*Asks:* 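Starting off with a structure, shown below.
Just so it is clear, the structure is predicted and the values come from calculations on it, not from any experiment. Chain letters run A, B, ... following the sequence lines, proteins first, then strands; residues in each count from 1.
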Number of protein chains: 2
Amino acid sequence: MKKDSKKKATIYDLSVLSGSSASTVSAVLNGTWRKRRIKESTAELIRGLAEEHQYTANQQARGLRSSRSGLIGLMLPVYDTRYFSSMAQTFEAHVRQRGQWPIVVSSLRDPEEERQMAESLVSYNIDQLFICGATDPDGVHAVCEAAGLKHINIDLPGTKVASVVSDNYQGGRILTEAIIRQFSADDPLKPQELFLFGGKDDHASRERIRGFKDMKRELLGGDFDASIQPTGYSPNMARIAFENFFEKNTRLPRALFVNSSINFEGLLRFMAAHPTETFSDLVVGCFDYDPFASFLPFPVLMMRQDVEGMITKAFELIEQPHAMPQIHLLPPQLVSPRTALPGPLDGIKDAG
Amino acid sequence: MKKDSKKKATIYDLSVLSGSSASTVSAVLNGTWRKRRIKESTAELIRGLAEEHQYTANQQARGLRSSRSGLIGLMLPVYDTRYFSSMAQTFEAHVRQRGQWPIVVSSLRDPEEERQMAESLVSYNIDQLFICGATDPDGVHAVCEAAGLKHINIDLPGTKVASVVSDNYQGGRILTEAIIRQFSADDPLKPQELFLFGGKDDHASRERIRGFKDMKRELLGGDFDASIQPTGYSPNMARIAFENFFEKNTRLPRALFVNSSINFEGLLRFMAAHPTETFSDLVVGCFDYDPFASFLPFPVLMMRQDVEGMITKAFELIEQPHAMPQIHLLPPQLVSPRTALPGPLDGIKDAG
DNA sequence: ATTATTTGCACCATCGATTGTGCAACTTAG
DNA sequence: CTAAGTTGCACAATCGATGGTGCAAATAAT
């Protein structure tokens with residue numbers, strides 16, 4: 001409107017325009033003006049000018065003074081799986097609802113990266129940090145602790161502050177049972193026909209594997225440790241594992257427990273190289289939910305982790321002075337084959 | 001190390017410790033010290049102390065002074081599709097490689113939200129803004145322009161600054177042709193057997209629809225406008241459209257052009273309510289790529305948009321003084337059924 | 001009409017880093 | 001031995017908002 005709309009208005013500009021002091025303007029615009037006994041009419045005037053000149057507070061200045069920023073951080077291993085992207089989406093909604101700003105970064109599962117990122121986020125004076133799926137949560141904790149930054153672990157637990165994670169053990173049991181029950185009584189699954197692929201030596205994998213083993217033993221008997229093939233969280237390592245198995249046994253197992261959707265992508269790569277008949281007799285259980293995966297040409301059982309619940313719980317816990325670094329377990333949900341669940345996108349109005 | 005490791009070290013702390021002035025410390029640590037003729041030995045000393053005390057610059061103070069922040073913003077409609085999550089992942093990698101920090105927000109396709117978000121990002125003094133898939137890019141532009149913030153459009157073009165978008169018209173043509181060629185010469189697809197579902201009245205949809213119509217007319221002849229069913233970018237609206245079609249015609253079309261993976265999720269929901277036989281004769285082309293979708297029990301052709309290329313191009317263009325608000329087109333890639341392409345995750349080291 | 005309160009606001013230091021400017025101490029030239 | 005650089009750094013203003021403190025003017029109490 002004014003000639004100099006190139007630069008943003010500050011409280012000093014409004015101070016001149018209104019004839020009040022900068023501190024009065026500040027108080028009016030940040031809501032502390034009643035406490036400072038500013039006249040209603042003065043406040044009104046200033047609010048009007050602020051509106052007219054499109055004033056918005058400089059968050060850097062505000063943050064510098066108050067040593068807060070309004071930013072809440074989420075550290076993710078990666079974005080590009082439905083699990084983590086829905087984590088980001090859900091996190092964003094919660095943060096914005098609190099009038100704060102999400103800043104999401106991905107650490108690529110590298111402990112050193114994780115720590116450096118935390119350092120850097122600290123230098124922006126972020127108010128809280130949600131550490132999701134970190135390889136070394138306690139390393140990140142040390143950084144946060146030193147800076148007095150509130151934080152919490154999600155997905156993978158740490159030992160220093162509270163953690164919110166899926167009940168991977170129970171989930172593993174339930175998924176394993178569901179896989180086994182897919183087979184009819186007249187041609188039941190045999191112990192050596194059920195394998196677990198994927199995951200690495202992290203808490204989630206360990207618990208899932210434990211659940212898998214326990215349930216497998218209970219239902220099928222026989223202890224068959226060779227049925228575990230950890231491949232890391234990498235599509236290609238998983239693909240190679242499937243290829244190797246296939247070469248050695250001239251076929252896939254009848255039933256697969258796949259440890260994550262990332263590993264499932266490894267199975268896709270394997271599938272691309274083999275005719276569809278190879279998979280006619282296959283049952284897959286995957287510890288993650290992806291709507292498209294649920295409709296593949298063979299029965300796919302999935303475990304959907306309760307992302308909404310985890311984020312909600314994490315927001316509750318992060319406020320509390322950490323009495324004890326407890327691990328809070330949330331049950332994941334078994335999803336039958338050919339199921340399309342609503343997701344975070346469904347809340348969005350989009351008339352088209 | 002020191003007693004008071006609870007608060008972060010500042011240049012003033014290091015100033016005292018080193019016996020130099022704060023400005024000298026600042027210069028040493030931000031790299032401008034040669035220009036200021038600081039002695040090598042002084043620099044060395046200060047660098048040592050900085051290391052020892054784990055100094056990291058307060059970005060808010062730095063930003064306040066220099067009116068920059070080191071933050072680069074990406075505004076996304078949503079996170080939770082493979083297209084947009086890979087956009088976020090790719091963006092992140094590029095930004096971090098430049099030594100800056102990504103701040104990603106989702107605007108949920110609401111023009112008012114988009115503008116407010118831009119306002120708010122401005123108040124953090126972000127250095128650049130990538131506007132991806134905005135419903136009203138020019139509205140966001142106005143906000144950026146007023147604040148002197150460099151910005152660029154991705155995915156959906158605006159008229160005020162440069163835009164980088166997929167060649168939706170050519171992509172639409174190619175996908176349509178590929179769908180039609182899936183059918184053999186002895187039982188070829190007829191014009192009234194090919195429908196387009198999804199999308200709304202945005203640039204991308206319009207172009208894809210134009211490509212669809214043109215190619216359909218060229219190959220199949222007949223102009224059949226009823227074959228377009230826009231449903232918005234919503235899974236449920238798409239599901240309802242499929243249901244309606246099915247009720248009216250007692251079957252699905254033999255071939256579908258689905259406008260986005262979000263709409264494809266609507267098809268999944270429809271599938272969940274119908275037996276597999278319903279889809280035995282179906283061919284689907286989808287304008288988006290999702291690895292799991294590629295392996296569904298019927299032929300699925302997909303268009304993968306060149307996310308890496310778009311981000312790269314956008315970084316090139318955003319620096320340039322906007323001579324002309326040109327639209328830069330990037331060809332998307334046709335993906336055959338049962339194809340598992342590598343993605344941004346493949347770059348990650350993860351031995352497992 | 002005084003004194004005691006309350007109201008309404010201005011002043012100023014502060015957060016931590018950046019940067020233009022000034023000026024000793026030292027070196028080189030003449 | 002003096003004048004003219006050069007080197008190496010300190011000083012102080014500044015970015016924009018916040019919040020403690022102090023003080024007039026208006027109002028109430030006596």
*Asks:* Under the salt bridge (charged side-chain N to carboxylate O under 4.0 Å, His left out) rule, collect the residues that match up with B/E316, sequence neighbours excluded.
*Replies:* B/K313
*Asks:* Between A/H94 and A/Q100, does any side-chain donor sit less than 3.5 Å from a side-chain acceptor?
*Replies:* no
*Asks:* Could you tell me the separation between the CD1 atom of A/I38 and the C1' atom of D/dA26, rounded to a whole number of Å?
*Replies:* 16 Å
*Asks:* Tell me which pairs pass salt bridge (charged side-chain N to carboxylate O under 4.0 Å, His left out) where either residue lies in residues 116-143 of chain B, with sequence neighbours left out.
*Replies:* B/R68-B/D127, B/R115-B/D136
*Asks:* How close or far is atom P of C/dA24 from atom NZ of B/K39, stated in whole angstroms?
*Replies:* 18 Å
*Asks:* For the pair made of CD1 in A/I46 and P in D/dT18, what is the distance, rounded to whole Å?
*Replies:* 13 Å
*Asks:* With sequence neighbours left out, what residues match A/R96 under salt bridge (charged side-chain N to carboxylate O under 4.0 Å, His left out)?
*Replies:* A/E92, B/E113
*Asks:* What integer distance in Å separates B/R37:CZ from D/dG5:P?
*Replies:* 14 Å
*Asks:* Show the distances under 3.5 angstrom between N or O atoms of the protein and N or O atoms of nucleotides 16-20 of chain C.
*Replies:*
{"from": "C/dG16", "atom 1": "N2", "to": "B/A61", "atom 2": "O", "distance (Å)": "3.2"}
{"from": "C/dA17", "atom 1": "OP1", "to": "B/Y55", "atom 2": "OH", "distance (Å)": "2.6"}
{"from": "C/dA17", "atom 1": "OP1", "to": "B/N58", "atom 2": "N", "distance (Å)": "3.1"}
{"from": "C/dA17", "atom 1": "OP2", "to": "B/I11", "atom 2": "N", "distance (Å)": "2.6"}
{"from": "C/dA17", "atom 1": "N7", "to": "B/Y12", "atom 2": "OH", "distance (Å)": "2.7"}
{"from": "C/dA17", "atom 1": "N6", "to": "B/Y12", "atom 2": "OH", "distance (Å)": "3.3"}
{"from": "C/dT18", "atom 1": "OP1", "to": "B/R62", "atom 2": "NH1", "distance (Å)": "2.9"}
{"from": "C/dT18", "atom 1": "OP2", "to": "B/S26", "atom 2": "OG", "distance (Å)": "2.7"}
{"from": "C/dT18", "atom 1": "OP2", "to": "B/N30", "atom 2": "ND2", "distance (Å)": "3.1"}
{"from": "C/dT18", "atom 1": "O2", "to": "B/R65", "atom 2": "NH1", "distance (Å)": "2.2"}
{"from": "C/dT19", "atom 1": "N1", "to": "B/R36", "atom 2": "NH2", "distance (Å)": "3.4"}
{"from": "C/dG20", "atom 1": "N7", "to": "B/R36", "atom 2": "NH2", "distance (Å)": "2.9"}
{"from": "C/dG20", "atom 1": "O6", "to": "B/R36", "atom 2": "NH1", "distance (Å)": "3.3"}
{"from": "C/dG20", "atom 1": "O6", "to": "B/R36", "atom 2": "NH2", "distance (Å)": "3.0"}

*Asks:* Compute the angle between the rotation axes at the two ends of the helix from C/dA1-D/dT30 to C/dG30-D/dC1, each taken over five pairs, rounded to 10 degrees.
*Replies:* 50°
*Asks:* Give every pair of a protein N or O atom and an N or O atom of nucleotides 25-27 of chain C that lie under 3.5 Å apart, one pair per line with the distance.
*Replies:*
none

*Asks:* Can you list every salt bridge (charged side-chain N to carboxylate O under 4.0 Å, His left out) pair that touches residues 149-162 of chain A, not counting sequence neighbours?
*Replies:* A/K150-A/E319
*Asks:* Under the ring pair (Phe, Tyr, Trp, His ring centres under 6.0 Å) test, which residues partner A/F91, sequence neighbours left out?
*Replies:* A/F130
*Asks:* With sequence neighbours left out, write down each residue that passes ring pair (Phe, Tyr, Trp, His ring centres under 6.0 Å) with B/H203, or none if nothing qualifies.
*Replies:* none
*Asks:* Would you kindly give the NZ-to-P distance between A/K35 and C/dG8, to the nearest whole Å?
*Replies:* 17 Å
*Asks:* Could you list the residues that satisfy side-chain hydrogen bond (donor to acceptor under 3.5 Å, both in side chains) with A/S163, not counting sequence neighbours?
*Replies:* A/N153
*Asks:* In whole Å, what is the span from the CG atom of B/D13 to the P atom of C/dC15?
*Replies:* 11 Å
*Asks:* Indicate whether any N or O donor in one side chain lies under 3.5 Å from an N or O acceptor in the other, for A/D202 and A/Y233.
*Replies:* yes
*Asks:* Could I get the full list of salt bridge (charged side-chain N to carboxylate O under 4.0 Å, His left out) partners for B/E51, not counting sequence neighbours?
*Replies:* none
*Asks:* Hey, could you give me each pair passing side-chain hydrogen bond (donor to acceptor under 3.5 Å, both in side chains) that has a residue in residues 29-38 of chain A? Not counting sequence neighbours.
*Replies:* A/N30-A/T32
